[in-house]
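In the text below, chain A, chain B and the rest are named by the order of the sequence lines, each starting its count at 1.
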Number of protein chains: 2
Amino acid sequence: MKPKKRTTIYDIAQKLNVTPSSVSRALNNSNYVNEATKKLILKTAEELNYKRNTMASNLRKGQSKTIGVVVPRINQNYFANIIAGIEDATYKQGYNLIICQSNESYEKEVQSINTLINQHVDCIVISVSIESNNHKHLQNVLDQNIQLIQFDRVADELETLKVINDNEQASFEAVDHMIEQGYKRIALLEGPQNVDIFRQRKKGYLQALAKHNIPVIDELIVENTWTKELGAKGTRQLLSLPEPPDAIFASVSDFSALGVLEVATDMNFKVPSQLGICGYSNEDFTEITSPSITTIDQFSFYMGKTIANLYFQEMENNDTVVVPKIISIKPKLIIRSSTMKKKGK
Amino acid sequence: MKPKKRTTIYDIAQKLNVTPSSVSRALNNSNYVNEATKKLILKTAEELNYKRNTMASNLRKGQSKTIGVVVPRINQNYFANIIAGIEDATYKQGYNLIICQSNESYEKEVQSINTLINQHVDCIVISVSIESNNHKHLQNVLDQNIQLIQFDRVADELETLKVINDNEQASFEAVDHMIEQGYKRIALLEGPQNVDIFRQRKKGYLQALAKHNIPVIDELIVENTWTKELGAKGTRQLLSLPEPPDAIFASVSDFSALGVLEVATDMNFKVPSQLGICGYSNEDFTEITSPSITTIDQFSFYMGKTIANLYFQEMENNDTVVVPKIISIKPKLIIRSSTMKKKGK
DNA sequence: CTGAAAGCGCTTACAG
DNA sequence: CTGAAAGCGCTTACAG
C-alpha cells in the first residue's frame with residue numbers, strides 16, 4: 001500500500017484561493033469566517049473527502065481527547081462492562097479510548113502506563129493488577145500532570161480520584177445473610193491480601209462473624225483461590241476437614257464460587273441444605289447454575305459511566321468547585337438459591 | 001490542573017549543549033551518534049523524566065502505530081476475547097488499540113469509523129453491526145488507504161482482508177449431529193438474514209436436512225431470535241405447535257439457546273430426551289447449565305491473534321509476496337448433554 | 001559523528 | 001472577517 005497523500009487544509013485553501021487559516025476556522029465552525037466562504041469551504045472539504053488529522057490538531061492544541069484504560073483482563077465480564085460503560089459516556093464527548101490489559105502482570109502494567117503517557121492521553125483509568133505492590137508508575141502519571149482515576153482495585157496511599165465499591169459492607173451483608181440463614185461454620189476463600197479490595201472483603205467477613213459472636217477459625221480461611229480451579233482445590237481441602245464448613249464465602253470471585261459448587265456436587269454435599277455458597281461479582285453464569293449462586297453485584301457498567309463522568313466533572317471544575325475525590329458505589333447482595341437454607345431450595 | 005510543561009528533546013539538548021537532532025538520534029538508538037554522548041543523553045532523559053511525545057513523532061513519521069477496532073459490543077464474551085487476542089499480539093509490536101463499540105447501530109458505526117480515520121490509525125478491524133446494510137463507510141476506509149480487516153460479520157462484496165469462521169460447515173455439522181442422535185423435527189432459530197454469517201448458518205442447516213432427506217418445514221424456522229428473550233419467545237411459539245419440534249438449533253447465539261432451555265424447562269419438555277438444543281459461540285455459561293448446552297466454539301481469542309498477525313504480515317510483505325486475503329478458521333462443534341439423545345443424559 | 005533547516009498538519013495570537 | 005507567521009514536538013534528508 002503506497003500511502004496516497006490525504007487531503008489537507010492546504011489543498012482546500014489552494015483550491016479556493018483562501019488561506020489555511022480560514023479553512024481551519026471554517027472547519028472548526030468559528031464565527032470569524034464569512035458565512036458564504038465557510039459554506040464553500042465545508043462543501044469543498046466534503047468533495048475532496050477531507051478528514052481532519054487529529055494527531056496534528058491535538059499536537060497543536062496540547063491535548064489528545066483520549067483516555068487510557070488499563071485493566072487486568074479485557075475479557076472478563078466485570079472489566080468488559082466497565083470499559084463498555086466508560087466508552088458509552090466518553091464517546092458522546094468525542095473522546096477515544098486506548099485499552100491496555102495488564103494480564104495481572106506488574107511489568108506489563110508499567111509498560112502500558114508508559115505507552116499511555118507517551119500517547120499524551122488526557123486521563124488514565126486503572127484497576128491495578130494483583131502483582132502490583134509498587135506504585136511508582138502511577139506516581140509517574142501524576143508527575144506528568146495526567147489525570148489519574150483508580151477504580152475497584154486501588155492503591156490507597158495515592159491521592160487520586162477513585163471509584164470503588166464498598167467491599168467491606170457488601171461482604172458483611174453477605175456473611176450476615178448466611179448466618180441469618182442458619183449457617184454456623186462459614187469458610188472464607190480469600191484473595192491476595194496485598195490487594196486492597198480483598199483485605200476489605202475479609203474485614204467484612206470478620207465483622208459479620210463478630211456481630212454474631214462466632215469465633216474465627218483459622219483453618220476455615222483459605223488463601224490463593226483466585227480461579228475456578230484454585231477455588232475447587234481450596235474447597236476440596238475444606239470439605240475434607242474433620243469438621244467441614246457448612247457454608248463457603250468465595251469472596252475472591254464468582255469463578256472461585258463455581259469451583260466450590262462443582263466440588264460440592266462432586267463430593268455429594270447438598271447445596272444449599274448442607275453447604276451454602278456465595279460468590280462475588282454477579283457474573284452472568286451465577287444465575288444459570290443449579291442451584292443459582294448468591295453473589296454480589298457491583299454495577300460494573302454504571303461504574304464505568306461514573307468514572308467517565310467523574311473525569312468530565314473534574315475537567316469542567318477547573319479547581320473552582322471541590323469535587324469528592326472518592327466515589328463509593330454500594331454493591332448489592334443478590335440472594336439466590338445457593339444460600340437459601342431456611343426457605344428451602 | 002495546570003498542565004506543567006513536559007520535558008522535550010529541546011530541554012535535554014539545551015542542558016547538554018547539543019542539538020535536538022542528536023538527542024532525537026540518541027533516543028532512537030541511531031548509530032549516528034557518539035556512543036558517549038548517546039549514553040549521556042539517555043541518562044539525562046531519564047533524570048529529567050523525559051517521555052517521548054508519540055503524537056509529534058507519529059505526525060512527523062506519517063504513521064500512528066495504532067489499530068482501531070469496531071465491534072458491536074465490547075462486553076460480549078466473543079468480542080471481548082477477540083479484542084483480548086488482538087491486544088495480546090499487537091502489544092508486543094508496540095501498537096496501540098483504539099476501541100469503539102457500535103452497539104449494533106449503523107449510525108454509531110459510521111461515526112466510529114470516522115473517528116478512527118481522523119486518528120490516522122494504520123489499520124481498522126471491524127465486525128459490522130446488524131443494522132449495517134450500507135458499506136460506504138468501509139469503502140471510505142479503503143479510499144483513505146487504511147488497511148481494513150473484516151472479521152466474523154463481513155461485508156462480502158468488499159475486497160478486504162477477512163478472518164472468518166466457516167459458519168456453514170459448523171452449522172451443517174451441528175444439525176447433522178442432531179439428526180444422527182435421532183432428532184427428526186429440527187427447528188431453526190435464525191439470525192437477521194441481511195447478515196452474511198446468519199445466511200451461512202441457515203445454509204448449513206438446510207444442507208444437513210437435505211443430506212438426510214428431511215423436508216424443510218417453514219413453520220419450524222423462526223426469525224428475529226437474537227436475544228435470550230427473543231429466543232424464549234420463538235421457542236414458546238414452536239413448542240405450542242400442534243406438532244412441535246423435537247430439537248431446536250439456536251443458530252443465532254448461545255443467549256438464544258439459553259432462552260430455549262428456560263422455556264423448555266418451564267413447559268416441561270425434557271432435554272435432551274424430548275427436545276434437543278444446540279447454540280452457537282461457546283459462551284462460558286453453556287458448560288454450566290443443566291443440562292449443559294451443545295454449541296460451537298469459534299476460537300475467539302485465537303481469531304483475535306490471527307487478525308493482528310495478518311496485519312503484520314501484510315505490512316511486511318509490501319506487495320512482494322501474495323498473502324491469502326481470507327482466512328477461514330474452522331469452528332468446532334462441542335457436543336454436550338443437551339443433544340445426547342442416544343447416549344442418554 | 002554533528003548541526004541547521006525544513007516539514008508533518010494543524011491552530012491561534014497578532015495585525016490589519 | 002482575513003492573512004501572515006509562529007509553533008506544537010518530533011524526525012530526517014542534507015551538508016559538512
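For the P atom pair drawn from dC1(D) and dA5(D), the interatomic distance equals 24 Å after rounding to whole Å. Atom name P, nucleotides dC14(D) and dC10(D): the rounded distance is 24 Å, in whole Å.
Here the nucleotide nearest the side chain of Thr19(A), chosen from dG3(D), dT2(C), dG9(D), is dG3(D). Which of dG3(D), dC10(C), dG3(C) sits closest to the side chain of Val18(B) comes down to dG3(C). Comparing atom distances between the Arg25(B) side chain and each of dG3(C), dC10(D), dG9(D) picks out dG3(C) as nearest. Of all nucleotides listed (dT2(C), dG3(C), dC10(D)), dT2(C) comes nearest to the side chain of Tyr32(B).
Nucleotides of DNA chain C nearest to Asn31(B) and Ser57(A) differ in position, and the one nearer the 5' end is that of Asn31(B). Between Ser22(B) and Met55(B), it is Met55(B) whose nearest contact on DNA chain D lies nearer the 5' terminus. Each of Tyr10(A) and Glu35(A) has a nearest nucleotide on DNA chain D; the 5'-most of these lies closest to Glu35(A).
Inspection of the Asn140(A) and Asn49(B) side chains reveals an N or O donor paired with an N or O acceptor under 3.5 Å. In this structure, a donor-acceptor pair under 3.5 Å is present between the side chains of Ser129(B) and Ser132(B).
Ion pairing between Glu87(A) and Lys92(A) fails under the 4.0 Å rule for side-chain N and carboxylate O.
The backbone N or O of Ala36(B) lies less than 3.5 Å from a partner atom in the side chain of Asn34(B), making a donor-acceptor pair.
We find that CD1 of Ile9(B) is positioned 13 Å from C1' of dA4(C), with the value rounded to whole Å. Nucleotide dC10(C) holds its C1' atom 17 Å from the NZ atom of Lys51(A), rounded to whole Å. To the nearest angstrom, P of dG9(C) lies 14 Å from CD of Gln63(B). Atom-to-atom, NZ of Lys61(B) to C1' of dA13(D) comes out at 16 Å; the value is rounded to the nearest Å. Per the geometry, CG belonging to Asn58(A) stands 14 Å off C1' belonging to dC8(C), to the nearest Å. Per the geometry, CG belonging to Leu48(A) stands 16 Å off C1' belonging to dG9(C), to the nearest Å. For the pair Asn34(A) CG and dG3(D) P, the computed distance is 11 Å after rounding to whole Å. Rounded to a whole Å, the CG atom of Asn53(A) is 6 Å from the C1' atom of dG9(C).
The side chain of Ser21(B) contributes no N or O atom lying less than 4.0 Å from OP1 or OP2 of dA5(C). Side-chain N/O atoms of Thr37(B) include one lying less than 4.0 angstrom from OP1 or OP2 on dT2(C). For Tyr50(B) and dC10(D), the shortest distance from a side-chain N or O to OP1 or OP2 is below 4.0 Å.
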Before you tell me yes or no, could you show the steps for Glu46(A) and Lys43(A) under salt bridge (Lys or Arg N to Asp or Glu O under 4.0 Å), namely the whole-Å CA-CA distance, both residues' side-chain angles and the distance that decides it to 0.1 Å?
CA-CA 5 Å; Glu46(A) 182 82 42; Lys43(A) 185 164 149 273; over 6 Å; no
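Taking every heavy atom of both residues into account, Ser127(B) and Asp152(B) meet most closely at OG-CB, 3.7 Å.
When Watson-Crick and G-U wobble pairs are counted only if both distances are under 3.5 Å, dG16(C) pairs with dC1(D).
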